[in-house]
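What follows is a single structure, written as structure tokens, with notes after it.
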Amino acid sequence: MEKSRREFLKNATKTSVAIASTGVVLAGCGKKGSSENLIRGKSPKTEILYQKTQQWDNYYSVAK
């Protein structure tokens, strides 16, 4: 009885380790890179973050 219990625990441990390592390997192989879904355009336009207007001048004069 004691021997069969030990054998069961040994086999269960080996199986758990094998399944866990296989899962880690498969998880690492699945991803190609983070830039895979990145959309890149060919537009010659530059991004305008700020345009000087009267509203911005008023905002900056109050914010100082």
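Atom OH of Tyr60 has more than 12 neighbouring heavy atoms from other residues, nucleotides or ligands inside a 6.0 Å radius.
Ring planes of Tyr59 and Trp56: perpendicular class, angle over 60° (limits at 30 and 60°).
Here the NZ-OG1 distance, from Lys10 to Thr13, works out to 10.0 Å after rounding to the nearest 0.5 Å. Atom CZ in Arg6 sits 9.5 Å away from atom CG in Leu9 (nearest 0.5 Å).
In the model, Asn11 has no side-chain atom that pairs as donor or acceptor with a side-chain atom of Glu7 under 3.5 Å.
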